[in-house]
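Notes to accompany the following structure.
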Amino acid sequence: VQLQASGGGLVQPGGSLRLSCVGSGSIYSLNVMGWYRQAPGKQRELVATIHSGGATDYADFVKGRFTISRDDNTKNMVYLEMSSLKPEDAAVYYCSYRRTTLTGLFPGPEYWGPGTQVTVSS
């Protein structure tokens with residue numbers, strides 16, 4: 001599985017960005033895709049996930065500001081709409097993919113792409 005994220009860049013505090021990620025390779029239609037981020041000197045943290053069925057989950061620190069969505073037709077594209085960005089949102093954002101099952105199991109590893117840099121600064 002290969003993941004390619006794009007859309008990062010420099011934005012002023014309070015601004016917006018939209019990240020995109022496309023997966024290729026052995027993508028199962030039943031999956032969970034998501035976004036993680038890692039700031040310098042900090043651990044990678046989960047930002048948001050979306051199940052192929054549409055269920056979403058967000059970290060508390062982005063609720064109400066970020067929206068995760070996916071392409072319902074292809075099942076291999078995921079987006080992250082980020083608004084009201086803060087300087088503390090600056091990080092490398094990584095797209096993730098993980099196969100899942102109808103019973104909620106994860107029969108395989110989680111994959112990450114190379115990441116896209118988001119800088120929030122005036």
Side-chain angles (χ1 to χ4, degrees):
V1 173
Q2 295 81 44
L3 300 166
Q4 184 62 53
S6 61
L10 172 64
V11 63
Q12 292 186 342
S16 300
L17 274 179
R18 185 187 194 226
L19 305 183
S20 300
C21 174
V22 58
S24 61
S26 299
I27 300 289
Y28 287 82
S29 58
L30 197 58
N31 62 61
V32 176
M33 296 188 75
W35 292 92
Y36 289 75
R37 71 185 187 187
Q38 187 169 18
K42 295 187 177 182
Q43 290 188 332
R44 188 173 298 189
E45 57 186 0
L46 180 65
V47 176
T49 60
I50 184 166
H51 190 279
S52 50
T56 59
D57 192 25
Y58 295 91
D60 287 343
F61 52 78
V62 301
K63 284 182 179 177
R65 300 188 299 122
F66 292 11
T67 302
I68 190 170
S69 61
R70 63 189 301 159
D71 187 316
D72 289 334
N73 292 324
T74 64
K75 300 294 186 185
N76 68 334
M77 293 191 69
V78 64
Y79 308 97
L80 187 68
E81 297 274 1
M82 305 185 294
S83 62
S84 302
L85 283 162
K86 306 174 182 179
E88 52 264 42
D89 293 320
V92 177
Y93 282 71
Y94 298 90
C95 173
S96 72
Y97 159 89
R98 199 169 187 185
R99 178 189 175 194
T100 188
T101 68
L102 291 173
T103 55
L105 299 177
F106 295 98
E110 187 168 21
Y111 297 89
W112 287 277
T116 184
Q117 177 72 51
V118 172
T119 302
V120 184
S121 175
S122 55

Residue pair S6, T116: steps toward the side chain to side chain contact (heavy atoms under 4.5 Å, CB included) verdict: CA-CA 6 Å; S6 61; T116 184; 5.6 Å; no

Audit row: R70, N31, side chain to side chain contact (heavy atoms under 4.5 Å, CB included) steps and yes/no: CA-CA 11 Å; R70 63 189 301 159; N31 62 61; 2.6 Å; yes

CA sep, side-chain torsions, deciding dist, call: N76, D71, side chain to side chain contact (heavy atoms under 4.5 Å, CB included): CA-CA 7 Å; N76 68 334; D71 187 316; 5.8 Å; no

side-chain hydrogen bond (donor to acceptor under 3.5 Å, both in side chains) partner of Y36, the single match among R44, E45, E110, Q43: E110

Exercise: identify the closest heavy-atom pair between R37 and A91: CB-CB, 3.9 Å

Atom pair CZ (R99) and OG (S29), whose distance is rounded to the nearest 0.5 Å: 9.5 Å

Heavy-atom side-chain contact between F61 and E88 under 4.5 Å: no

Sidechain-backbone polar pair: T100 side chain, L105 backbone, donor-acceptor under 3.5 Å: yes

OH-SG distance between Y79 and C21, expressed to the nearest 0.5 angstrom: 10.0 Å

Value rounded to 0.5 Å, distance of CG in L46 from OG in S96: 7.0 Å

Verdict with supporting geometry, S16 and E81, side chain to side chain contact (heavy atoms under 4.5 Å, CB included): CA-CA 7 Å; S16 300; E81 297 274 1; over 6 Å; no

Side-chain (S83) to main-chain (R65) donor-acceptor, under 3.5 angstrom: yes

In one Ile/Leu/Val/Met/Phe/Trp/Tyr side-chain cluster, 4.5 Å: V118, Y58: yes

Exercise: identify the closest heavy-atom pair between Q4 and P114: OE1-CG, 4.1 Å

Between T101 and T103: side-chain donor-acceptor atoms closer than 3.5 Å: yes

Joint hydrophobic cluster, V47 plus V32, side-chain heavy atoms closer than 4.5 Å: no

Co-membership, hydrophobic cluster, residues L30 and I27, 4.5 Å side-chain: no

Donor-acceptor under 3.5 Å (T49 side chain, G34 main chain): no

Same cluster (ILVMFWY, side-chain, under 4.5 Å), V62 and W35: yes

Nearest atoms (heavy-atom pairs only) where L3 meets G23: CD2-CA, 3.6 Å

Aromatic ring pairing Y111/Y97, orientation class (parallel under 30°, perpendicular over 60°, tilted between): tilted

Gap separating the CE atom of M77 from the CE atom of M33, nearest 0.5 angstrom: 9.0 Å

Salt bridge present between D60 and K63 (N-O < 4.0 angstrom): yes

V1 reachable from Y94 in the ILVMFWY side-chain graph, under 4.5 Å edges: no

From OG1 (T56) to NE2 (H51), nearest 0.5 Å: 12.0 Å

